[in-house]
Amino acid sequence: LDIDGRLLPVIRIPGYDQVAEVRSMPQWKARDDDILICAYPKSGTHWIWEIVMMLLQGKAERVNAIKETAMLEGTSQKSFDSLPSPRVLNTHILYQDLPKDFREKHCKMIYLLRNVKDVAVSFFHHHCKLIDYTYSGKWENYLKRFIDGKVDYGAWTDHVLQWEKVAGDNNVNILLVAYEDMHKNPEVQVKRIAEYLGKAASQELIKDIVDLCSFKKMKKEKDPLEDLNEWKDKQPGMYRKGIVGDWKTMFTVAQNEKFDAYLAEKMSPSKWCTQYDLVGT
Ligand code: A3P
């Protein structure tokens with residue numbers, strides 16, 4: 001699906017015309033208490049969605065739903081309107097493509113960042129495992145596509161640069177959360193998120209949420225909720241490794257040098273890149 005030259009995936013959801021839904025999205029109505037989690041794919045959206053759902057409930061209890069039910073570009077306007085408040089929505093689209101009302105109502109947004117090399121590797125496996133992509137290319141070819149932005153949602157560099165620009169606007173209400181910081185000290189990050197959302201959270205609650213949202217527990221308890229027909233070999237692939245630095249198992253030295261040169265050029269205006277370990281080693 002091409003919107004003004006930008007690529008979005010066509011998620012084949014029975015029962016509605018997704019192309020028409022996405023095109024109508026700018027007119028969708030936001031609610032004052034909506035929370036929107038935004039990220040380039042594979043940056044940890046499932047993880048943070050689960051945490052935010054628990055913070056809003058005020059208890060460390062697993063929600064019996066998957067984040068895709070609240071994903072803007074993966075739902076219909078009717079389903080979107082019928083979600084109970086407060087809605088924890090999520091999306092991979094650009095700020096400029098969001099429903100206008102989110103901007104007008106200054107809804108709270110959380111933007112997730114992750115080291116681009118781990119994102120590329122994670123996205124490669126995602127493409128290989130999901131049936132809808134009908135993709136079975138090799139890593140070296142995929143990396144080229146990734147650099148050229150010929151993957152869902154376009155180039156990571158454009159996505160991050162655009163969101164960084166938006167986040168610098170005082171009228172926009174965005175909290176940044178880095179995947180690597182979540183790994184280093186999840187309790188500190190969950191506390192930051194709770195404070196941003198204005199949710200009281202005791203140290204004990206934070207600890208319990210962190211524990212229930214550990215990779216191991218989420219994989220065990222959320223994988224069974226996935227529709228196995230969407231995955232090759234009927235093996236769900238959303239919770240793959242959940243680690244920092246997996247890119248080192250895929251990038252050759254030459255690929256890494258080339259990728260570093262590309263990033264140095266593209267991301268030179270980015271302060272986020274120096275502030276967070278987004279392109280580092
Ligand atoms: P990997 O493929 O590197 O394992 P998204 O949710 O945005 O699609 O991102 C998916 C990535 O986040 C996958 O990365 C997945 O394993 C990882 N992930 C999901 N839940 C996680 C958790 N609880 N802790 C750490 N990583 C998690």
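One-based numbering, in listed order, for ligands and for the atoms of each.
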Just jot down the ligand 1 atoms closer than 4.0 angstrom to any heavy atom of Lys241, in number order.
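Checking each atom against Lys241, I get 4 (O), 16 (O).
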Contact between [X] and ligand 1, counting heavy atoms under 4.0 Å?
| X | result |
| --- | --- |
| Arg114 | yes |
| Tyr179 | yes |
| Met238 | yes |
| Gly44 | yes |

Among Trp163, Tyr179, Phe123, find the residue that satisfies the ring-ring contact (aromatic ring centres under 6.0 Å, His included) test when tested with Tyr40.
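Between Tyr40 and the candidates, ring-ring contact (aromatic ring centres under 6.0 Å, His included) is satisfied uniquely by Phe123.
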Heavy atom of the protein closest to atom 6 (O) of ligand 1 (residue, atom name, distance)
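In this structure, atom 6 (O) of ligand 1 has His46 ND1, 2.6 Å as its nearest protein heavy atom.
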Residue and atom name of the nearest protein heavy atom (relative to atom 8 (O) of ligand 1), distance in Å to one decimal
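Checked against all protein heavy atoms, atom 8 (O) of ligand 1 sits closest to Lys42 NZ, 3.3 Å.
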Just going by heavy-atom distances, which of [options] is nearest to [atom]?
| atom | options | value |
| --- | --- | --- |
| atom 2 (O) of ligand 1 | Cys213, Ser214, Ser122 | Ser122 |
| atom 19 (C) of ligand 1 | Trp247, Phe124, Tyr239 | Tyr239 |
| atom 21 (C) of ligand 1 | Phe123, Phe215, Trp49 | Phe215 |

With respect to [X], determine whether any N or O atom, backbone or side chain, lies less than 3.5 Å from an N or O atom of ligand 1.
| X | answer |
| --- | --- |
| Thr45 | yes |
| Gly242 | yes |
| Asp118 | no |
| His92 | no |

What orientation do Phe124 and Trp139 show, parallel under 30°, tilted 30 to 60°, or perpendicular over 60°?
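Answer is perpendicular, since the angle exceeds 60°.
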Would you please classify the geometry between the Trp28 ring and the Phe80 ring as parallel, tilted or perpendicular, with 30° and 60° separating the classes?
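Phe80 vs Trp28 ring planes: tilted.
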Side chain, backbone, both or neither: the part of Met218 lying under 4.0 Å from ligand 1 by heavy atom:
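For Met218, the contact with ligand 1 is made by the side chain alone.
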Apart from Val188 itself, residues in the same hydrophobic cluster as defined by side-chain heavy atoms under 4.5 Å:
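Via sub-4.5 Å side-chain contacts, Val188 links to none.
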Give me the one residue out of Lys67, Arg62, Lys217 that meets salt bridge (charged side-chain N to carboxylate O under 4.0 Å, His left out) with Glu50.
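Exactly one pass, corresponding to Arg62.
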Separation of Leu212 CG from Met218 CE (nearest 0.5 Å)
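Reported to 0.5 Å precision, the distance equals 9.0 Å.
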Ring-face cation contact, Tyr196 with Lys108, 6.0 Å cut, 45° max
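So Lys108 does make the cation-pi contact.
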State whether a side-chain donor-acceptor pair under 3.5 Å links Lys117 with Asn256.
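There is such a pair between these side chains.
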Could you tell me if Asp211 and Ser214 have a donor-acceptor pair between their side chains, going purely by distance under 3.5 Å?
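Their side chains do not contain a donor-acceptor pair, so the 3.5 Å distance test is not met.
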Is the distance between the ring centroids of Trp272 and Tyr111 under 6.0 Å?
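Here the rings of Trp272 and Tyr111 have centres that are less than 6.0 Å from each other.
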